[in-house]
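Side chains included, hydrogens not; waters and symmetry mates left out as well; all remaining heavy atoms used. This chain uses plain numbering: 1 for the first residue, then up along the sequence.
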Amino acid sequence: MSTPTIHAPRTVQVGDIAVAVQEYGDGEPLLVVNGTSQSLGFWGDLVQVWAGSHRVVTYDLRGMGGTERGSSPFSIASLAADALGLLDALEIERTHVLGYSLGSAIAQELALAAPERVSSLVLYCTWARSDGFQRALMTGLAHPWRTGDLPAALGALGVAFSPQLLDSPEFGTLIEELLPLFPSTPEQIRTTAEQWDADLAHDTLDRLDRITAPTLVIAGEQDLLTPPWHGRQVADAIPGARLEMFTGPGSSHALGVERAEEFVPLVDGFLAEHRTS
């Protein structure tokens, strides 16, 4: 694979905020939408394959990484409006969208609000409406972000990984690499608590049948944050959606990292099947 172009990082104005953007490659656009507590740096390695044939756009959500918080209300719908505003600012009329966790909820709302702008959807570790198990887990994970206890908040995020990785010697090295990408300022920590609130309030279950974009749902057997039955429910609700269920070691909420050798080509193949030109 040839090395794709890595475009210079920049900020673009979207409504009341400056949004940090990092783009890779050229071709049909692919918008990548981050999960809770995530910054765009998480995608630096994964997007290299997709950038061989796409203009991959990664960005920091409102109040995270290099993007301003602004004063607007915070919800999945408002974050989807930010994504639509970013597409306008970048003069992207139509794009493939990959959303991870919180980003998958934003992607759902984007596809519902502006179906003409979405070529295809990849919903990675997703859900449509929280159930009791998920609410209990998210409430616990949100607490240290609300109190500003960053070490506890980051430690609790270990549930995103598989038991196999957590107990492996490689885990410490991985965390050292990832730590600089997590929220660190008081504003980012407060915003992460707002993200958890948005996660808990997300509810598209009764509207998913209106999504018209070709959709790939990727779920993991070991995923505790968005358990596999949620992915199946989303795939069942979206007309024609395809479900890919990862099983066995590494099929966690972080399966895109733990099983990258399967995840990355799976997404690449799906995008190739749904080119718009």
Check the pair Asp16, Arg62 against salt bridge (charged side-chain N to carboxylate O under 4.0 Å, His left out), reporting the backbone distance first and the verdict last. CA-CA 10 Å; Asp16 65 330; Arg62 179 180 289 266; 3.1 Å; yes
Kindly indicate, with the supporting measurements, whether the criterion salt bridge (charged side-chain N to carboxylate O under 4.0 Å, His left out) is fulfilled by Glu28 and Arg94. CA-CA 9 Å; Glu28 290 189 5; Arg94 191 170 171 86; over 6 Å; no
Worked check of salt bridge (charged side-chain N to carboxylate O under 4.0 Å, His left out) between Arg259 and Glu262: CA-CA 6 Å; Arg259 301 271 290 272; Glu262 298 160 72; 2.6 Å; yes
Apply side chain to side chain donor-acceptor pair (under 3.5 Å) to the pair Gln108 and His202, showing each step before the final yes or no. CA-CA 10 Å; Gln108 291 172 30; His202 172 58; 3.1 Å; yes
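Looking only at distances, a side-chain donor or acceptor of Gln48 sits under 3.5 Å from a matching main-chain atom of Gly44.
For the pair Leu121/Leu98, no side-chain contact is recorded, criterion being any heavy-atom separation below 4.5 Å from C-beta on. In this structure, the side chains of Ser37 and Leu157 come closer than 4.5 Å at one or more pairs of heavy atoms.
If you check the side chains of Ser39 and Asn34, you find no donor sitting under 3.5 Å from an acceptor. Checked by atom type, the side-chain pair Ser251/Asp223 shows no donor-acceptor distance below 3.5 Å. Between Ser168 and Glu170, the side chains place a donor N or O and an acceptor N or O closer than 3.5 Å (distance only, hydrogens not considered). For Glu258 and Ser252, the side-chain atoms include at least one donor-acceptor pair closer than 3.5 Å. Between the side chains of Asp131 and His230, at least one donor N or O sits under 3.5 Å from an acceptor N or O.
With sequence neighbours excluded, the residues that form a side chain to side chain contact (heavy atoms under 4.5 Å, CB included) with Glu68 are Ile17, Ala18. Applying the ring-ring contact (aromatic ring centres under 6.0 Å, His included) test to Tyr59 and every residue at least two apart in sequence or in another chain returns nothing. For Asp203, the salt bridge (Lys or Arg N to Asp or Glu O under 4.0 Å) test picks out Arg129, with sequence neighbours left out. Under the rule for a ring-ring contact (aromatic ring centres under 6.0 Å, His included), the partners of His274 that lie at least two apart in sequence or sit in another chain are Phe270. Asp197 is linked by a salt bridge (Lys or Arg N to Asp or Glu O under 4.0 Å) to Arg146, counting only residues two or more places apart in sequence or in another chain.
Counting only residues at least two apart or on different chains, the ring-ring contact (aromatic ring centres under 6.0 Å, His included) pairs with a member in residues 67-122 are His54-His96, Tyr100-Tyr124, Tyr100-His253.
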